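Ligands are counted one by one from 1 in listed order, and the atoms in each one are counted from 1 as well. Atom set for the values below is all heavy atoms of this structure, side chains included, hydrogens, waters and symmetry mates excluded. As the structure is a prediction and not an experimental result, all values here were calculated from the model.
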Amino acid sequence: MENPAQKKEKPKILLAYSGGLDTSVAIHWLNQMHGCDVVTVTVDVGQTDDLKDAMRRARAIGASRAWVIDAKKEFAESYVLPALKANALYEGSYPLGTAIARPLMVAKLVEMAKRLGADTIAHGCTGKGNDQVRFEVSIMALAPDMKIMAPTREWKMSREDEIEYAKANGIPIPVTVDAPYSIDESVWSRAIECGVLEDPWEEPPESIYGWTKGVGATPDKPEYVEIGFVEGKPVSLNGVQMELLDIIVALNEVAGNHGVGRIDIIENRLVGIKSREIYEAPGATVLIKAHQDLEGMVLPKDLLHYKKTVEQHYADLVYNGLWFSPLKTALDAFVDSTQENVTGTVKVKLHKGSAVVVGRESPCSLYSAALSTYDKGDAFDHSAAKGFIYVWGLPLKVGALARAARANGNGVSNDSAVIEEPCATCK
Ligand code: ARG
């Protein structure tokens with residue numbers, strides 16, 4: 001028999017807490033509507049927000065405990081690095097800073113849920129975005145029995161309603177009706193959505209940018225950075241050996257100061273919606289460009305070209321929330337096997353919003369000055385080109401001759417022979 005004096009324990013929910021509007025409202029809502037014991041976990045992947053303050057706010061709103069996990073280094077080493085080796089850019093532009101942070105957050109949440117004995121993980125992602133998919137699919141992969149709650153999908157409040165709800169319930173929030181932006185940061189990129197940005201024609205106001213200067217405010221003098229790679233991994237900046245995390249942080253600062261890495265695109269979400277997305281990714285932009293360039297010097301042509309097709313799949317898969325999938329593991333193995341010789345140094349010039357590779361060197365270089373030079377010392381056998389071209393162009397020549405013969409045989413004048421006529425036998 002249950003002892004009525006013994007109070008029934010409230011169900012414990014672990015909430016992935018960003019400190020933003022949705023998750024702040026979610027703490028209150030889960031407390032009030034579901035009578036849950038809400039424990040918040042904030043995973044630090046390099047957000048510039050004051051996470052200690054977020055932790056205090058979580059407690060003030062009603063979380064019974066609030067945790068911050070510093071996962072910046074793990075993020076750089078185990079999430080950014082594989083993506084960088086794959087030159088992962090969704091739809092050719094977005095370096096996936098939000099998409100690669102979600103699986104790491106889930107890994108940490110699942111660890112904590114097991115430690116604290118919570119059987120439910122909640123997140124603040126809306127029903128229209130990619131992040132809900134990434135969160136939930138990652139939970140399904142890592143903890144198939146875990147229950148999942150998504151309050152923002154249930155409460156049917158608009159962003160304005162949420163701001164009102166927060167005001168009415170004394171919930172401290174970082175947005176106002178005038179600055180209604182939803183901002184998501186990891187050290188790999190900063191994403192800005194909502195408000196005036198939802199009009200694709202409207203130029204983003206300068207005030208939304210946090211990591212990059214507008215070109216008008218950048219230095220007139222270019223700045224050069226040299227990135228050293230070993231087997232695809234950035235290991236030094238301007239000759240100084242550094243951890244990958246520190247290289248990214250430093251490049252965000254240096255390249256951001258030159259206005260590098262602003263991205264303004266119409267993006268295709270997994271849930272079928274086109275959205276206007278603004279990103280700032282100075283470090284990612286420089287590192288991906290440098291890495292791609294070095295690969296251009298050290299990878300054989302067929303491997304380089306084939307890898308590009310893999311890169312595209314890789315970016316799609318990561319964007320679509322399948323980080324913890326067998327295909328992703330297999331693609332990582334392929335990508336890793338291509339990186340053995342991606343060692344060397346790349347020089348990048350930063351100036352007025354652009355990052356341009358202006359030099360590269362590698363002990364594994366396949367570039368041969370003797371073969372490519374037009375000057376003295378040329379080692380290329382020019383006479384070999386004649387035979388090569390004869391063979392290379394032969395199928396085209398044979399085709400052209402056959403077409404001409406058909407055209408003439410059919411009584412068509414040579415002048416009209418360009419008009420393709422099916423031949424009698426193929427009709
Ligand atoms: N569109 C990007 C993605 O799906 C960024 C999402 C940013 N999220 C946010 N809460 N602002 O990865």
How far is [atom] from its nearest protein heavy atom, and which residue and atom is that?
atom                    : result
atom 10 (N) of ligand 1 : Ser182 OG, 3.2 Å
atom 1 (N) of ligand 1  : Glu267 OE2, 2.8 Å
atom 9 (C) of ligand 1  : Glu193 OE1, 3.4 Å

Going by the order shown, which atoms of ligand 1 are within less than 4.0 Å of some heavy atom of [X]?
X      : result
Asn130 : 3 (C), 4 (O)
Asp131 : 8 (N)
Ala191 : 5 (C), 7 (C)

**OP:** Tell me, with the steps shown, if Glu202 and Arg276 meet salt bridge (charged side-chain N to carboxylate O under 4.0 Å, His left out).
**Re:** CA-CA 10 Å; Glu202 208 50 55; Arg276 199 274 187 93; over 6 Å; no
**OP:** Would you confirm whether the ring centroid of Tyr79 sits within less than 6.0 angstrom of the ring centroid of Trp323?
**Re:**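 Between Tyr79 and Trp323, which both carry aromatic rings, the centre distance is below 6.0 Å.
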Subject >> Ring centroid separation Tyr90 to Tyr279 under 6.0 Å >> reply: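 No, the ring centres sit 6.0 Å or more apart.
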Original post:
Any heavy atom of Tyr94 sitting closer than 4.0 Å to ligand 1?
Top reply: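 It does, in that a heavy atom of Tyr94 comes within the 4.0 Å cut-off of ligand 1.
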Original post:
Can Arg134 be said to touch ligand 1, with heavy atoms closer than 4.0 Å?
Top reply: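 It does, in that a heavy atom of Arg134 comes within the 4.0 Å cut-off of ligand 1.
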**OP:** Sequence neighbours left out, what pairs pass side chain to side chain donor-acceptor pair (under 3.5 Å) with at least one residue falling in residues 244-261?
**Re:**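 Those involving residues 244-261 are Lys213-Asn257, Glu223-His258.
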Subject >> Glu164 bridged to Lys167 by N-O distance under 4.0 Å >> reply: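 Answer for the salt bridge query: yes.
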Original post:
With only distance considered, is Tyr279 within less than 3.5 Å of ligand 1 through an N or O on each side?
Top reply: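 N/O-N/O distance below 3.5 Å exists for this pair.
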Subject >> Trp201: partners by ring pair (Phe, Tyr, Trp, His ring centres under 6.0 Å), with sequence neighbours left out >> reply: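 Result, ring pair (Phe, Tyr, Trp, His ring centres under 6.0 Å) vs Trp201: none returned.
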Original post:
Where the side chain of Thr152 meets the backbone of Cys125, is there a donor-acceptor pair that is under 3.5 Å apart?
Top reply: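 Yes, Thr152 side chain to Cys125 backbone: donor-acceptor pair under 3.5 Å.
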